A.B. asks: 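Next up is a structure, given as structure tokens.
No hydrogens, no waters, no symmetry mates; every other heavy atom, side chains included, goes into these values. Chain letters run A, B, ... following the sequence lines, proteins first and then strands; every chain starts at 1. Source: prediction; values computed, not measured.
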2 protein chains.
Amino acid sequence: MTTTYGQFCPVAMASEVLTERWTPLVVRELLCGSTRFNDLRRGVPLMSPALLSKRLKTLERVGVVDHVGSEYHLTEAGRELWPVIESMGIWGQRWARGDVIAKHFDASLLMWDIHRNVDTAALPDRRVVVHFHLRGSSDGKSHFWLVLEPSAVDLCLTDPGHDVDVEVAGHVETMIDYWMGRRDLLGAVKAGDLAIAGPRLLVRELPTWFTRSPFAPVPLPVGA
Amino acid sequence: MTTTYGQFCPVAMASEVLTERWTPLVVRELLCGSTRFNDLRRGVPLMSPALLSKRLKTLERVGVVDHVGSEYHLTEAGRELWPVIESMGIWGQRWARGDVIAKHFDASLLMWDIHRNVDTAALPDRRVVVHFHLRGSSDGKSHFWLVLEPSAVDLCLTDPGHDVDVEVAGHVETMIDYWMGRRDLLGAVKAGDLAIAGPRLLVRELPTWFTRSPFAPVPLPVGA
DNA sequence: CGGGATCCTTGACGATACTG
DNA sequence: CAGTATCGTCAAGGATCCCG
């Protein structure tokens with residue numbers, strides 16, 4: 001992106017900032033609340049650290065990101081990119097087709113997404129531990145523990161040692177389909193594609209605290 | 001853009017389509033109603049025809065554009081990109097800063113934009129010809145004629161021979177500032193930066209048929 | 001943890017010319 | 001008018017290692 005579009009149109013100006021590889025995803029991560037370099041990395045695992053660093057510098061230069069200490073925060077201009085990212089997500093949810101849909105099913109990325117969307121307010125006022133066993137991840141990882149405390153949510157890749165309250169097992173793709181709103185939980189369990197075990201109440205209430213993607217409710221095009 | 005982001009997030013999927021150099025501007029042109037290759041070119045004059053052709057093929061492949069005969073039309077998926085382009089434009093209008101604002105002032109591009117936004121319904125029911133004399137264009141062009149008929153608007157780079165009804169003269173940058181909503185017409189005329197001559201009624205009603213950029217009404221950030 | 005430095009490849013893009 | 005063809009350059013970005 002060495003030359004500019006040479007246009008006065010504001011769409012062109014926004015394009016100068018956003019239409020660069022990875023940039024919308026970095027902004028998405030920042031909008032989701034990540035502030036540390038390595039947290040940001042987890043949201044874009046296929047991006048090299050050098051490139052992420054470069055993008056963050058660019059975003060800082062154009063006034064979207066504020067870098068203090070080792071934290072990255074969106075400026076007001078950055079926060080106002082939310083409608084752009086949101087409309088992109090809505091469009092993607094409705095219209096992305098086979099040839100742009102990732103063939104990758106990365107369980108770590110999924111769990112990272114899930115962990116920051118857990119609604120702890122809907123959970124009992126004590127620690128709840130959920131163990132996930134996901135098959136078929138492109139990154140080889142298959143075991144994850146969510147340690148849910150009223151004040152914090154932790155994602156572990158190794159057994160944290162606590163007693164496990166709920167066990168969730170299935171194929172990564174099934175979980176992604178649920179997460180994205182393309183499949184409902186009960187159906188997946190009944191079809192035998194997903195196994196959920198644990199205290200009756202906790203399991204029944206699971207959909208209230210284990211939320212789905214923000215784009216899951218987006219209606220699909222009619223006739224699709 | 002040879003590899004994919006490898007993510008299931010719909011923002012990533014939309015990025016695969018949109019986050020490629022020039023693509024948002026091509027989509028903007030299509031949303032503005034251009035359907036012919038050479039009309040599209042006029043909206044992105046700095047883009048090589050080879051690259052435009054390539055982008056259109058890509059957009060066709062991902063289901064955004066429909067190519068029949070020698071016309072390009074947006075599909076339903078393409079038309080639904082409007083919220084994305086709109087929110088980009090709003091952001092650009094509010095937050096684009098010096099280092100991404102084009103230093104280029106291309107009068108041909110401006111006039112091309114203006115010509116397709118004239119509101120002929122607000123004009124008298126006869127032909128009206130406006131001659132523009134714009135100084136300082138980066139492309140060297142300075143004379144333009146808008147031939148406004150109730151049924152069609154034509155932009156000419158050479159004198160079409162008709163009697164001229166209104167004369168508009170000034171610097172391209174002044175016109176762009178007006179077009180973008182950064183400056184009002186009366187002020188520019190009073191400051192001597194713009195000269196408008198013609199029948200009193202036509203000139204007085206000029207702002208009703210000579211509309212501004214769709215992003216002109218966007219409010220700027222407070223304190224800016 | 002939070003990056004920087006280096007090397008190296010590839011393909012994206014600009015320029016120019018040309019064709020049905 | 002509606003693109004293709006060819007070519008050369010440059011820089012984006014992947015890989016790898018390293019450092020404070």
Side-chain angles (χ1 to χ4, degrees), chain A residues 1-7 12 15-26 29-30 34-62 65-73 102 104 106 112 138-139 154-157, chain B residues 1-7 12 15-26 29-30 34-62 65-73 102 104 106 112 138-139 154-157:
Chain A
M1 203 83 56
T2 194
T3 54
T4 102
Y5 294 115
Q7 301 208 172
S15 296
E16 310 261 13
V17 173
L18 279 176
T19 306
E20 206 167 12
R21 191 156 159 70
W22 291 108
T23 298
L25 302 193
V26 174
E29 288 307 301
L30 290 161
S34 291
T35 62
R36 314 294 296 243
F37 191 81
N38 280 345
D39 282 350
L40 291 165
R41 284 194 67 182
R42 300 188 72 168
V44 281
L46 294 187
M47 189 180 190
S48 78
L51 191 51
L52 173 57
S53 171
K54 185 178 172 186
R55 287 290 183 275
L56 287 168
K57 279 192 175 59
T58 303
L59 288 173
E60 193 183 356
R61 184 173 51 74
V62 299
V65 158
D66 195 15
H67 185 195
V68 281
S70 56
E71 297 212 335
Y72 297 90
H73 288 275
H104 271 202
D106 185 324
W112 180 249
S138 54
D139 70 344
D154 258 335
L155 173 63
C156 305
L157 299 180
Chain B
M1 207 82 57
T2 192
T3 53
T4 106
Y5 295 115
Q7 301 206 174
S15 295
E16 310 261 12
V17 173
L18 280 176
T19 306
E20 206 168 14
R21 192 159 158 68
W22 291 109
T23 298
L25 302 191
V26 174
E29 288 307 301
L30 290 160
S34 291
T35 62
R36 315 293 295 242
F37 192 81
N38 281 345
D39 283 350
L40 291 165
R41 285 194 67 180
R42 299 188 71 167
V44 282
L46 295 186
M47 190 180 189
S48 79
L51 191 51
L52 174 58
S53 172
K54 185 180 171 184
R55 286 290 184 274
L56 287 167
K57 279 193 175 58
T58 302
L59 288 172
E60 193 183 356
R61 185 173 50 75
V62 299
V65 158
D66 195 15
H67 185 194
V68 282
S70 55
E71 296 211 337
Y72 297 89
H73 288 275
H104 271 201
D106 186 324
W112 180 248
S138 54
D139 70 343
D154 259 335
L155 172 62
C156 306
L157 300 179

A.B. asks: In sequence, state the C-alpha distance, the side-chain angles, and the governing distance for A:Leu155 and A:Arg42, and then conclude on side chain to side chain contact (heavy atoms under 4.5 Å, CB included).
C.D. replies: CA-CA 12 Å; A:Leu155 173 63; A:Arg42 300 188 72 168; 3.9 Å; yes

A.B. asks: Between the protein and nucleotides 1-4 of chain C, are there any N/O to N/O pairs under 3.5 Å, and if so, what are the atom names and distances?
C.D. replies:
residue : atom : partner : partner atom : Å
C:dC1   : OP2  : A:Asn38 : ND2          : 2.8
C:dG2   : OP1  : A:Arg36 : NE           : 2.6
C:dG2   : OP1  : A:Arg36 : NH2          : 2.5
C:dG2   : OP2  : A:Asn38 : N            : 3.3
C:dG3   : OP1  : A:Tyr72 : OH           : 3.2
C:dG3   : OP2  : A:Tyr72 : OH           : 2.9
C:dG4   : OP1  : A:Lys57 : NZ           : 2.7
C:dG4   : OP2  : A:Ser53 : OG           : 2.5
C:dG4   : OP2  : A:Lys57 : NZ           : 3.4

A.B. asks: From CD of A:Glu20 over to C1' of D:dA12, roughly how many Å is that when rounded to an integer?
C.D. replies: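 Answer to the nearest Å: 9 Å.
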
A.B. asks: What is the distance from CZ of A:Arg55 to C1' of D:dA11, rounded to the nearest Å?
C.D. replies: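 Value for this atom pair: 12 Å.
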
A.B. asks: Between atom CG in B:Leu51 and atom P in D:dG3, what is the gap in whole Å?
C.D. replies: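 Taking CG of B:Leu51 and P of D:dG3, I get 15 Å after rounding.
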
A.B. asks: Check B:Leu56 against B:Tyr72 and note the closest heavy-atom contact, atom names and distance.
C.D. replies: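 Here B:Leu56 and B:Tyr72 meet closest at CD1-CZ, 3.7 Å.
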
A.B. asks: For A:Ser34 and A:Trp112, work out which heavy atoms get closest and say how close.
C.D. replies: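 Shortest heavy-atom contact: OG-CZ2, 4.2 Å.
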
A.B. asks: In whole Å, I'd like the distance from the CZ atom of B:Arg21 to the C1' atom of C:dG14.
C.D. replies: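 One finds 10 Å between C1' of C:dG14 and CZ of B:Arg21, rounded.
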
A.B. asks: Could you tell me whether the side chain of B:Thr58 and the main chain of B:Lys54 form a donor-acceptor pair under 3.5 Å?
C.D. replies: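 Here the side-chain-to-backbone pair exists.
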
A.B. asks: Could you report the tightest heavy-atom contact between A:Tyr5 and B:Leu46, atom names first, then the distance?
C.D. replies: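 Looking at all heavy atoms of both residues, the shortest contact is O-CD1, 3.5 Å.
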
A.B. asks: What residues, two or more places apart in sequence or in another chain, satisfy salt bridge (Lys or Arg N to Asp or Glu O under 4.0 Å) together with A:Glu71?
C.D. replies: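 Expected list: A:Arg36.
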
